[in-house]
Amino acid sequence: MAKGRKPKILVLNQYYWPGVEATAHLLAELCAGLADEFDITVVSGRMGGSDGRDNRMTHRGVEIVRVPSTTYERRKLSLRALNYLTYLASSAGVALAQEKPDVVLCMTDPPIIADVAYVAARRFGVPLVVISQDVFPEAAVELGRLTNPVIVGILRKAIRYYLRRADRVVAIGETMRMKLEAKGADPARLRVISNWVDTTAIRPERQDNEWSRENDLAGKFVVMHSGNVGYAQNLDAVIRAATFLRDLDDTRIVIVGAGARHAELVELTGRLEADLVTFLPYQPREMLSHSLSAATVHVVGLAKGLAGYVVPSRLYGIMAAGRPVIVAAQASSETAQVVEREGCGVVVPPGRPDALAAVIREMRAGAYDLEEMGRRGRAFVEREADRTVAIERYRMVLRDVIAEART
C-alpha cells in the first residue's frame, strides 16, 4: 500500500442509506464512522422508485455504487428472493470490477451475499470480514418461511462455505456466536460485537411530549412496539394481550412501523375487536427520541425457536430512550439475557399473551420501578452499545485482518 494512502474497504450489502431497513442504517453509520481512517466503497442495491440517476454518489465520505436490482414489495417470499437474486448477480460483476481493496466486508443481507464477497476477496487476494445479522436459513425454517428441503440444504451449504473461509465472522450476540460456531465458523476467527445506537441522537425525554400529544397518547399508559412488523417479532401475542386488558381505559398498545405482516395484523386487531391497539407508520429518525419516549414501556418480541438465530437491535434504541422493556422471548435469547442481567425490564415466554397482559397490568399498578429500569438500560447502552464503542471495535477487527494479510 502506498505511503499515506488510506486502506480501501469494499463493502457489500443490498440495503444502505437512505433505506429504512435496519442493516441500511447500521451499515451507513458504521461506514461513516470508519471513513476517517478507511477509503470505503459500498456496493448496494437500487432504491425503490429510483430513476437510475443516483447510482453513484458520495455520502458522509463513503462512495456508494447502486447496482441494478428489483425492488418488489418483500412480503411475498418469491418476490423477496427475486430482489436478492438480481442484487447478487449485479453486485458480483460490479464488485469484481472495482479497484483492488485491502479488505472486503459484508453484512448478511441477503444471507448469501457473503459468498459473492468471498469470491471478490479471493479474486483480489485480500481478507474477508462477514457481519452476521442473523443465522440463515435456520431463522426462516423456524418461522415456517422456508420448507423446501432441497432449497434449505443448498442454502446451508452456501452459508457453511463462507463461514469456514472468512477471515473474521462478527456475531452480534454471544448466543449467535455459538450458533455460528456450530455451523462451522472457526472459533479463533469469531468476534462478538453487538449492534448499537447513537446515544447522542436518541435520548430520554418526557413521556408527555409533542409527539405523544399529536398521537393522543399523552396521559396514557402506553405499551409500544417500534420497528419491523414482520414474522420474527411475535406481534400476535401483543395484539391478543390487548383482549385481556379491555377494562383499562387509560392503556394503549401502539405498534409503530411497517413490514410483511402489517396488513395481516391490522386485520387480526379488527377481528378481535382489540380497540386498545393503534398502528402508526415508521417515524423519521430525527423523531425517535420523541416517539420512543412516548411509551411507558416497550415490548420486544421474538418468536419461539429464534433464540440465537436473530438478535433484535431495536432493544438498544429503547434503552437509549430510558424506557423499560418487556421481552417476550425464550430466556436463552440474547435479548432476554441482557434485560435480565441489567435489570432493565421483565422477561415473559413467547406466544403467551396472558403472561404479557399480566405483566402490563402489574406495571400499570406500580409493581415495578419503571424509572429505575429505564435508567439502568440507558447506562448499559452508554457503556456497551453506543455507536462509538461499536465502531472502535470494528476498527480494531479491520486493522487486525489487514495487518495479518501483510505479514
Side-chain angles (χ1 to χ4, degrees), residues 75 143 207-209 211-283 290-304 306 312 314-315 317-318 321 323-330 333 335-336 339 344-368 370 373-374:
R75 184 176 55 171
L143 289 169
Q207 188 174 351
D208 184 355
N209 59 50
W211 189 90
S212 65
R213 290 191 294 272
E214 286 178 356
N215 290 283
D216 194 28
L217 300 175
K220 304 291 196 305
F221 188 93
V222 178
V223 181
M224 183 179 290
H225 163 89
S226 181
N228 185 38
V229 182
Y231 288 88
Q233 289 74 36
N234 192 28
L235 288 172
D236 302 69
V238 178
I239 293 168
R240 294 181 186 279
T243 66
F244 293 87
L245 303 169
R246 298 186 196 276
D247 58 307
L248 304 183
D249 293 337
D250 65 343
T251 299
R252 296 291 181 273
I253 295 177
V254 184
I255 297 176
V256 183
R261 296 199 64 214
H262 189 275
E264 179 185 346
L265 292 170
V266 170
E267 188 275 333
L268 175 65
T269 300
R271 179 155 43 86
L272 296 177
E273 297 182 350
D275 296 336
L276 298 183
V277 179
T278 300
F279 289 85
L280 294 172
Y282 269 123
Q283 299 301 303
H290 308 299
S291 63
L292 294 175
S293 295
T296 312
V297 60
H298 285 260
V299 176
V300 175
L302 188 64
K304 186 177 180 180
L306 292 187
R314 64 185 180 281
L315 174 67
I318 296 164
R323 292 299 183 267
V325 188
I326 302 173
V327 177
Q330 291 167 274
S333 69
T335 305
V339 168
C344 58
V346 178
V347 177
V348 299
R352 286 284 306 278
D354 56 330
L356 178 57
V359 170
I360 292 171
R361 194 176 287 275
E362 290 171 357
M363 287 184 165
R364 178 182 171 278
Y368 297 91
L370 302 184
M373 285 180 170

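As the structure is a prediction and not an experimental result, all values here were calculated from the model.
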Chemist: State which residues pass ring pair (Phe, Tyr, Trp, His ring centres under 6.0 Å) with Phe279; sequence neighbours excluded, sorted by chain then number.
Modeler: His262

Chemist: Can a donor-acceptor pair be found, under 3.5 Å and without considering hydrogens, that links the side chain of Asn234 to the backbone of Gly301?
Modeler: no

Chemist: Working to the nearest 0.5 angstrom, can you tell me the gap between Lys220 NZ and Arg364 CZ?
Modeler: 12.5 Å

Chemist: For Ala242, check side-chain contact (heavy atoms from CB on, under 4.5 Å) against everything at least two apart and list the hits.
Modeler: Ile253, Ala274, Leu276, Val277

Chemist: Can you tell me how far apart OG1 (Thr251) and CZ (Arg361) are? Round to the nearest 0.5 Å.
Modeler: 8.0 Å

Chemist: Roughly how far apart are Leu306 CG and Gln330 CD, rounded to 0.5 Å?
Modeler: 7.5 Å

Chemist: What distance separates Arg314 CZ from Leu292 CG, expressed to the nearest 0.5 Å?
Modeler: 11.5 Å

Chemist: When you compare the side chain of Gln207 with that of Val222, does any pair of heavy atoms fall below 4.5 Å?
Modeler: yes

Chemist: Rounded to the nearest 0.5 Å, how far does CG of Leu245 lie from CZ of Arg240?
Modeler: 14.5 Å

Chemist: Counting heavy atoms not belonging to Glu273, are there more than 12 under 6.0 Å from its CD?
Modeler: no

Chemist: Side chain to side chain contact (heavy atoms under 4.5 Å, CB included) between Asp236 and Arg261: does it pass, once the steps are laid out?
Modeler: CA-CA 10 Å; Asp236 302 69; Arg261 296 199 64 214; 2.5 Å; yes

Chemist: What pair of heavy atoms forms the shortest contact from Tyr231 to Ala303, and how long is it?
Modeler: O-CB, 4.3 Å

Chemist: With a 4.5 Å limit on heavy-atom distance, are the side chains of Phe221 and Leu248 in contact?
Modeler: no

Chemist: For a 4.5 angstrom cut-off between non-hydrogen side-chain atoms, does Leu268 reach Leu235?
Modeler: no

Chemist: Roughly how far, to the nearest 0.5 Å, is the CG atom of Leu265 from the CZ atom of Arg271?
Modeler: 10.0 Å

Chemist: State, with a plain yes or no, whether a side-chain heavy atom of Thr243 is found less than 4.5 Å away from one of Pro353.
Modeler: no

Chemist: Apply salt bridge (Lys or Arg N to Asp or Glu O under 4.0 Å) to Arg252 and Asp216, showing your working.
Modeler: CA-CA 10 Å; Arg252 296 291 181 273; Asp216 194 28; 5.5 Å; no

Chemist: Counting distance only, does the side-chain N/O of Asn215 pair as donor-acceptor with the main-chain N or O of Leu217 below 3.5 Å?
Modeler: no

Chemist: Tell me the closest heavy-atom pair linking Gln283 and Val256, and the distance in Å.
Modeler: CG-CG1, 3.9 Å

Chemist: Report yes or no: does Arg323 contribute a side-chain atom to a donor-acceptor pair with the main-chain N or O of Ser293 at less than 3.5 Å?
Modeler: yes

Chemist: Is the shortest side-chain heavy-atom distance between Val238 and His225 below 4.5 Å?
Modeler: no

Chemist: Taking the side chain as every heavy atom from C-beta outward, state whether Val346 and Glu362 have any atom pair closer than 4.5 Å.
Modeler: no

Chemist: Please report the closest heavy-atom contact between Pro312 and Leu302, naming both atoms and the distance.
Modeler: CG-CD1, 4.2 Å

